[in-house]
Structures are given as C-alpha cells and as structure tokens.
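Below is one structure, written out as structure tokens; comments come after it.
The structure presented is a predicted model; accordingly, all values stated were derived computationally and were not measured. Both counts, for ligands and for their atoms, begin at 1 and track the order of listing. Residue indices begin at 1 and follow the sequence shown.
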Amino acid sequence: MIRNIPEPILNLLYEIGEVAGKNAYLVGGFVRDLLLKQPSLDIDIVVEGDAIRVAKAMCDRWNGTLEVHPQFGTATVTHGNIDLPKVDFVTARRETYQGAGTLPIVQSGKITDDLRRRDFSINALAMRLDPNAFGTIVDKTGGLADLEAGIIRVLHKQSFIDDPTRIFRASRYAGRYGFRIAETDVVLIQETLPILPQLSGERIRNEIDRVLLEKNAAKIVEHLAELGVWETIFTDWHISATFADDFKKAEQAITWASAHLEDEAFQPDRVRWMTLFGTHTPIYQIEAISFRLVLEHQLQRLISRTQAMKRGVSLEEVTVPVFEKLGFPLSKNTSIKQHNGMWCIVDPDNMKTYVCGDGNLYRVQTPLTAYKQLEQTVTTLKETVKPSEIYQLLKPYPIEALVLGSVDARVPEWKREKIADYLFTLRKTQPFITGDDLIALGEKPGKTFETVLWELFAAQLDGKTATKSEAFRHLRGFKDHAPAK
Ligand code: ATP
C-alpha cells in the first residue's frame, strides 16, 4: 500500500513519524483513498497529546508557515516547498452529542476515540507513522472489510441521529465510489429523516454544495431522492425525472462557459443549483428553499412595521386574519414555519412566499429563479424577433440562466441561437453614441434623452448603423422627423 503514496508525500509522512513517534497517525480520506488506489491530497494527521507542538516542530523542519487554531487544538503547516501539499494536524479527540443535529462536546482522547467519532467505517481507518510500524493500518471498526466489500456503514446505531448530515455524506461516498449503503443503515436513515429538518440551513446547504461538486452528482441526487431527503427538507421539493440528463448538459455548459465567456462574474455553482431546481419547481418554492437554506437571496420589504401599525395589525402575530387585513389573503394550505429567526409563510395555492420578522413583511428574491423565469420569456419569442428586442428581453437575466438556456435541448434550436447571440455579441456591444456624445450636442438628460439613446443603440444592434458616423446620421434623421417643439 505504501507503494501507492507519491514519493514526496511519503517522505513528509516518514518525517512526521520520526518527530512524533507513536503519537501521530495518518487518518481519514487519505487512508481510504490510498487503499482504494485513488489520488487524495488532504493530509490529515491525528496526534495523541499535543498536535500544535508537533505541527510547530514540523514547521521548523520544513521551513514552512504555521496556522494555529488553539481553541480547536489544530494547526496547518504549509511546507517551504510550495509544490508540496499542506498538512493538517489535529489533536485526537472524543466527542459526545447532546441532541440531534447539534454540534458535539469535544474532549481530547486517544486515537481509538478519534476513530470512533467518525462517520463511517471506511473513514475510520488510521495509518501508523512511527518508524517501527510505519504503514500499519489501525482498523477498530471493520473499515478494511467494508472497503473491500464496497459498503458504507456507520459505527453505531445513533450515528445519523447524532449528525444527520451523515445522510448526505453516506450517499456521496456511495455515489463517488460505486459503493452501497449497508441495509441496516438505510433503515437508520429512514428513522432519522424526521429530524433532518432540525439541521440549520447552512449545514444542509454545505452538504448539497459538496454533492453538486461530485462527478457522480446526478446519481447521488437521485439516490437522495429515493431516500426521501429532498421532500423532507422542503415539502413538495422534487427532483425532475430528467435531472441526470439536465445535469450532464449543465456540466457541459459550465465547461463551455468557462472556455468561451470571459465573465469574471460567472458562477458555476449557481448553474448547478439552477439545474437542481430545474424548470419544474415553481418560483415561490425556489424562493422558500433559498431562504430556508440561506442560499443567495435578498429580502425585499413589502410592508414596513409602521405601515402595518397604521392598518392596526401586528406582524409579530403571524396569522391568516393578520395577512387578510394587510391585503395578502392566504389560502388554507398555507404553511407558517420559523427559520433563521423569522417566519416563512408559504402559500402554495396562491404561489407566494413571504417572510416576516422584525415587524416587517418581506418577499424573498433570489437569482436562482431566473432559469425558470427565462423559460417563460423564451416561450413568447417569435422567429421575427429583432436583436434589439432580444437584448431588452434577456438583459435582466443572470448569465448563468442564459448559459443554461442556450444548452437546454427542450428549447428549439433557433431560440437557443438567439440566446447564444445575446451572450456572445449583443451583450458585449458598446454603443456608438453615448450619453456624453448627446450632452456634447447640447441635449439635456431626461426621458427623451434616454429614449433617443436607446433608439440609437437599438438601430445599431439591428444592423441599421454600422459605424459611429452612420449612427450620427441616424440621429440627425430622428431630429428631422421630431415633432416641432
Ligand atoms: P472528501 O474526499 O469528500 O474530502 P474526506 O473523507 O476527506 O472526503 P472530509 O469532509 O474532509 O472528508 O472529512 C475528513 C474526515 O473527517 C472524514 O474522513 C471523516 O472521518 C471525518 N468526518 C467528516 N465529517 C464528519 C461527520 N459529519 N461525522 C463524522 N466524521 C466526519
């Protein structure tokens, strides 16, 4: 097995063993991936005793730099040779959970305690680094056998309850390595689902982010759907039957966009989330999920505390009659739940999501609904649409939605070409005549000024003017035909 470790890393590990002796162990993903003959770069060392002391000694030896987190008993050493990976040193610890979904109480412990706090047997393997037994695997929980058999298995029955994020992790490893989750664990997952909603939005979002970065993300997302995870996070959240295909196209679109668009602002993770919601998820649901998972969103105020008080209602008391009085009638299927310290009011019948807190009433706004909205805009396109009209229609959309639209096989090819034309050409077109030019000609900024500027730019986009002087001629044409003042 040691033979699979690249030599420069092997040397680092030998040196750690020389310095720390029997107290230091290589752990976690690196050991797992080493045994699976897969590359891994995260070097995690567990030290029985004082990890920071060992990290400091290694830092001196490697002429490196040290980042210490005394409150966690951890330190990261960056080697003086920047071609070598960073090494994380962690003090061996014991964890006790007080309640479902909460973070554990941590105390220092032995390597066996540290391995027993881990999620799955395949992640609870350690490799000895002391020169006498370098490379010997410490396996207290049957991890080697599970790796061999391709099984994801928790270390004890309470594991998913202690930390429901492990549901995502189990599915992620199963999808990544083509493993299966032990049958007993599938039952434990089912039993844990009811408490999954107790997890904070950030923790759920982090796990989904990590899933979406996997090569086999589609398979994992579908597996989580089979387990019933999505609808547990949010009622009625479903994954489209075409998700695997959609995601493949999205990944192609990301590669394509990264190669062809020089936009600094292009965010691949936004494309992945948009694909996860697809075009089948209603806008109000995307908004509610974005709020719940603390995904990129903003709150736009609909009614202020003062306005509510003027109408004689209190928003602290979030009830149907209160909303009725404010002019927002709610249907009987409305759900009112508390998240992130505010009330989230989801009215599926009226397709509306509100958020209420600090005495104000808000609407959730998120760019993640843009792909769904684009679908509606694209439906109305006529083949005769002019470039200037395309420009106006597509300008409000974030680039990620347009990139997705341009590769969506359900959109007719000619429409996709129009979107691509906007992405590559129209969007980047610089107007021949600017506001400064008009001011230099004695025009005063105002409504007419704006209209003239747009008309000139539209003529340019539609190919009616090809140079600045043609644009000026066009401008004179306007003036000649302008009604006398
Ligand atoms: P990846 O290749 O996805 O990065 P990894 O195994 O390195 O996999 P990390 O999330 O970096 O995963 O975690 C490092 C190690 O910490 C894991 O191998 C596992 O032993 C432990 N660990 C991480 N998250 C949990 C958790 N929620 N519960 C228990 N142990 C965990």
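Nearest protein neighbour of atom 19 (C) of ligand 1, counting heavy atoms only, is D119 OD1, 3.5 Å. Counting only heavy atoms of the protein, atom 21 (C) of ligand 1 lies nearest to R118 NH1, 3.7 Å. For atom 1 (P) of ligand 1, the closest non-hydrogen atom on the protein side is R176 NH2, 3.5 Å. Closest to atom 6 (O) of ligand 1 among all protein heavy atoms lies R32 NH1, 2.8 Å. Given atom 17 (C) of ligand 1, the protein heavy atom at minimum distance is R169 NH2, 3.7 Å. Looking at atom 14 (C) of ligand 1, its nearest protein heavy atom turns out to be D44 OD2, 4.4 Å. Closest to atom 11 (O) of ligand 1, if we only count protein heavy atoms, is R210 NH2, 3.9 Å.
A salt bridge (Lys or Arg N to Asp or Glu O under 4.0 Å) with R272 is found for one member of E251, E214, E400 and no other, namely E251. For the side chain to side chain contact (heavy atoms under 4.5 Å, CB included) test with L368, the passing option among L276, I286, I283 is I286; the others fail.
Using a cutoff of 4.0 Å between basic side-chain nitrogens and carboxylate oxygens, R61 and E18 are scored as salt-bridged. Taking a cutoff of 4.0 Å between a charged side-chain nitrogen and a carboxylate oxygen, D408 and K415 do not qualify as a salt bridge. Between R118 and D114 there is a salt bridge, with a side-chain nitrogen of the basic residue lying less than 4.0 Å from a carboxylate oxygen of the acidic one. Under 4.0 Å is where a charged nitrogen must lie from a carboxylate oxygen, and between E287 and K352 no such pair does.
Under a cut-off of 6.0 angstrom, the local environment of CD in Q298 is sparse, with at most 12 non-hydrogen atoms contributed by other residues, nucleotides or ligands.
When R172, E214, R166, R203 are checked for heavy-atom proximity to atom 28 (N) of ligand 1, R166 turns out nearest.
If you look at D163 next to ligand 1, the close heavy atoms, those under 4.0 Å, all belong to the side chain.
No N or O atom of D33 sits closer than 3.5 Å to an N or O atom of ligand 1.
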Apply side chain to side chain donor-acceptor pair (under 3.5 Å) to W62 and E15, showing your working. CA-CA 10 Å; W62 293 337; E15 288 186 68; 3.3 Å; yes

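In summary, the atoms of ligand 1 found under 4.0 Å from a heavy atom of T165, numbered by their order in the structure, are 27 (N). For ligand 1, the atoms closer than 4.0 angstrom to any heavy atom of G28 are 18 (O). The G29 neighbourhood of ligand 1 comprises atoms 6 (O), 7 (O), 18 (O), with distances under 4.0 Å to a heavy atom of that residue.
For the residue pair S304 and N360, no side-chain donor N or O sits within less than 3.5 Å of a side-chain acceptor on the partner.
Using a 4.0 Å heavy-atom cutoff, Y173 is listed among the residues neighbouring ligand 1.
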